[in-house]
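One structure is given here, and the rest of the page talks about it.
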Amino acid sequence: MNVSYQKMYDAYEKIFSRCGLKFRAVEADNGAIGGGHSHEFTVLAPSGESSIAYCESCDYAASDEKAELKVIHAEPEEMKPLEKVSTPNAHTIELVKNFLNVPIEKTIKAVAFQDDDGRLILAFVRGDHEVNEIKILNAVEGALHLHMAEDSAITAAGGSAGFMSPIGIKDGVAIVVDSTVMEMYNAVAGANEADMHFVNVNPRRDFDREKIIVADIRKVREGDPCPKCGKPVKMTRGIEVGQVFTLGNKYSKSLNATFLNENGKETFFEMGCYGIGVGRTMAAAIEQNNDKDGIIWNRALAPFEVVVVPVNAKDSAQLEYAEKIYDEMKKSGLDVLLDDRPERAGVKFKDCDLIGYPVRVTVSPKTLESDSVEVKIRRSGEVLNFNRGECVAKVVELLKDL
């Protein structure tokens with residue numbers, strides 16, 4: 001399974017490189033499909049639906065759902081006695097921070113969810129951090145989907161919406177505390193009473209370790225240290241165009257799918273799952289390769305490598321000349337189109353740019369006089385002139401870089 005996974009990973013890298021795409025293979029969450037680990041192949045584009053973290057100092061890249069985050073250790077302080085204080089109407093981190101005049105890094109944020117079975121799941125992160133729902137699903141056994149908790153569920157568990165902490169919550173609630181929170185000193189957290197907060201909260205002292213799950217549950221943000229080299233990560237958006245998974249024997253066990261190994265022992269298959277979104281790849285290529293005039297296709301993706309355009313297809317001499325070039329290019333192995341429509345030259349040139357053929361060869365009255373053709377490179381806009389005899393060979397050479 002692992003050998004096959006690496007072969008597919010390498011093949012996908014070659015495919016997307018040949019497509020001329022700027023992409024990253026990012027560590028990803030397997031999601032509902034389950035199994036072991038996976039990589040998403042993500043084309044970098046501001047319009048992309050995925051948010052990814054990547055490091056310019058090493059090869060680390062991961063989706064924001066998967067990105068690992070190192071624990072942030074607060075400066076050690078002498079632990080002060082836990083104290084409950086009144087905080088009227090301070091039901092958000094910003095209001096608490098301002099009311100008690102404390103740095104946001106000294107506050108603990110609570111987010112309440114329920115899963116499909118109605119189970120209450122409370123997540124706690126540092127006040128300036130955001131909760132990563134995928135990481136919570138991975139941390140809480142049996143949770144498949146999350147939605148925001150009803151106030152009634154919070155109250156039934158001994159909490160108060162906007163004023164929550166793990167201190168005093170009833171049994172039966174899944175409490176997930178971010179690893180960084182456990183390293184805080186003399187922090188502020190809800191007191192599970194309306195308009196009340198605890199100050200001098202020291203999670204290692206005040207949270208019941210038998211009732212909580214400690215895990216990395218915060219969402220990555222630009223500037224967080226890279227988990228591989230420690231340098232600051234950057235954030236960008238991207239379009240997922242392919243993904244590879246190791247599934248292990250999750251499905252083969254369910255299906256009782258086995259084989260006999262070399263010792264004659266019945267063994268479950270180790271499975272992998274691989275897919276490329278063909279339509280997404282085309283769309284992503286356009287997102288990265290376009291200008292005001294239209295698409296700029298990479299040679300490997302272009303509908304045709306070359307388009308031959310007679311300026312006036314009604315002129316039999318021009319059309320015959322263009323047809324000869326077209327035939328010569330086809331015989332040389334080029335993927336070529338002849339635009340013999342009876343349209344004005346400007347219309348055809350505009351369409352060539354819009355569709356984005358890598359190379360345009362133009363046959364005009366000047367061509368008939370000089371026996372030379374005009375060759376335009378779509379990506380750069382450069383216009384070249386070649387003698388008829390060398391035209392095909394020159395175009396073949398140009399396409400090697402396109």
Side-chain angles (χ1 to χ4, degrees), residues 64-65 67-74 77 79 82-85 87 90-97 100 102-115 119-141 143 146-151 153-221 224:
D64 64 345
E65 297 174 343
E68 303 168 25
L69 293 168
K70 290 185 174 181
V71 177
I72 300 173
H73 295 272
E77 299 176 19
M79 295 185 187
L82 185 67
E83 185 182 346
K84 189 186 292 187
V85 298
T87 52
H91 56 278
T92 68
I93 288 295
E94 192 66 23
L95 291 171
V96 172
K97 174 179 78 78
L100 295 177
V102 294
I104 196 169
E105 294 84 0
K106 282 278 194 179
T107 63
I108 298 173
K109 180 192 296 182
V111 185
F113 302 98
Q114 284 177 274
D115 65 8
R119 174 175 45 164
L120 184 64
I121 300 172
L122 300 181
F124 295 91
V125 294
R126 204 172 74 177
D128 57 331
H129 293 160
E130 297 297 326
V131 169
N132 184 322
E133 294 186 24
I134 297 299
K135 289 182 178 179
I136 292 172
L137 288 173
N138 291 333
V140 180
E141 188 174 351
L146 297 176
H147 58 268
M148 300 311 293
E150 301 285 342
D151 285 354
I154 295 170
T155 302
S160 178
F163 301 90
M164 288 184 292
S165 76
I167 303 170
I169 293 294
K170 295 178 181 178
D171 292 344
V173 177
I175 302 173
V176 192
V177 180
D178 185 65
S179 307
T180 290
V181 169
M182 297 304 293
E183 300 300 318
M184 297 173 72
Y185 291 87
N186 300 318
V188 175
N192 292 314
E193 295 179 35
D195 300 328
M196 300 295 289
H197 275 81
F198 285 122
V199 295
N200 301 328
V201 176
N202 290 276
R204 281 180 291 178
R205 179 193 68 190
D206 300 322
F207 293 176
D208 187 342
R209 291 299 297 257
E210 293 185 1
K211 288 186 176 182
I212 66 174
I213 301 166
V214 178
D216 165 22
I217 59 166
R218 67 185 175 96
K219 188 176 286 186
V220 66
R221 61 187 182 183
D224 279 331

- Message: Check this for me: E77, atom CD, are more than 12 non-hydrogen atoms of other residues, nucleotides or ligands nearer than 6.0 Å?
- Response: yes
- Electrostatic pair D216-K135, nearest N-O below 4.0 angstrom: yes
- Item | Heavy-atom check, side chain of I217 versus side chain of V125, under 4.5 Å | yes
- Considering all heavy atoms of both residues, which atom of K84 and which atom of A191 are nearest to each other, and what is their separation? CG-CB, 4.1 Å
- Message: So E183 and R126, do their side chains get closer than 4.5 Å, heavy atoms only?
- Response: no
- Message: So R205 and L82, do their side chains get closer than 4.5 Å, heavy atoms only?
- Response: yes
- Note on the structure: When rounded to the nearest 0.5 Å, the distance separating NZ of K97 from CG of D128 is 10.5 Å
- Task: Measure the spacing between CG of N138 and CD of E133 and express it to the nearest 0.5 Å.
- Result: 12.0 Å
- Message: Using side-chain heavy atoms (C-beta onward) and a distance below 4.5 Å, is V188 in contact with F198?
- Response: no
- Message: Do L100 and K106 make a side-chain contact, defined as non-hydrogen atoms from C-beta onward lying under 4.5 Å apart?
- Response: no
- Message: How long is the straight-line distance from CD1 of I108 back to CE of M182, given to the nearest 0.5 Å?
- Response: 9.0 Å
- Knowing that exactly one of V131, D224, V181 qualifies, which makes a side chain to side chain contact (heavy atoms under 4.5 Å, CB included) with R218? D224
- Item | Side-chain donor or acceptor of N132 paired with backbone N/O of I134 under 3.5 Å | yes
- Query: So do the side chains of S160 and I154 get within less than 4.5 Å of each other, counting heavy atoms only?
  - Reply: no
- Any chance NZ of K219 has more than 12 other-residue heavy atoms, nucleotides or ligands included, within less than 6.0 Å? no
- Item | Candidate pair I167 and F207, rule side-chain contact (heavy atoms from CB on, under 4.5 Å), full reasoning | CA-CA 6 Å; I167 303 170; F207 293 176; 3.9 Å; yes
- Give me the one residue out of L122, L146, D115 that meets side chain to side chain contact (heavy atoms under 4.5 Å, CB included) with I136. L146
- Query: How many angstroms lie between CD1 in I72 and NE2 in H129, if you round to the nearest 0.5 Å?
  - Reply: 4.0 Å
- Heavy-atom closest pair, residues A139 and I213: O-CD1, 3.9 Å
- Smallest separation among heavy atoms of E193 and F163, with atom names: O-CB, 3.3 Å
- Message: For D151 versus A161, what's the shortest heavy-atom pair and its separation?
- Response: OD1-CB, 3.7 Å
- Which atom pair, heavy atoms only, marks the closest approach of V173 to A157? CG2-CB, 3.6 Å
- Closest contact, heavy atoms only, I212 versus P166: CG2-CB, 4.4 Å
- Side-chain contact, heavy-atom cut-off 4.5 Å: S165 with D206? no
- Query: Are V96 and H197 close enough, and set up right, to give a side-chain contact (heavy atoms from CB on, under 4.5 Å), and what steps lead you there?
  - Reply: CA-CA 9 Å; V96 172; H197 275 81; 3.3 Å; yes
- Side chain to side chain, E130 and D64, heavy atoms closer than 4.5 Å: no
- Message: Rounded at 0.5 Å granularity, tell me how far CE in M196 sits from OG1 in T87.
- Response: 7.0 Å
- Message: Please report the interatomic distance CD(Q114) to NE2(H147), rounded to the nearest 0.5 Å.
- Response: 4.5 Å
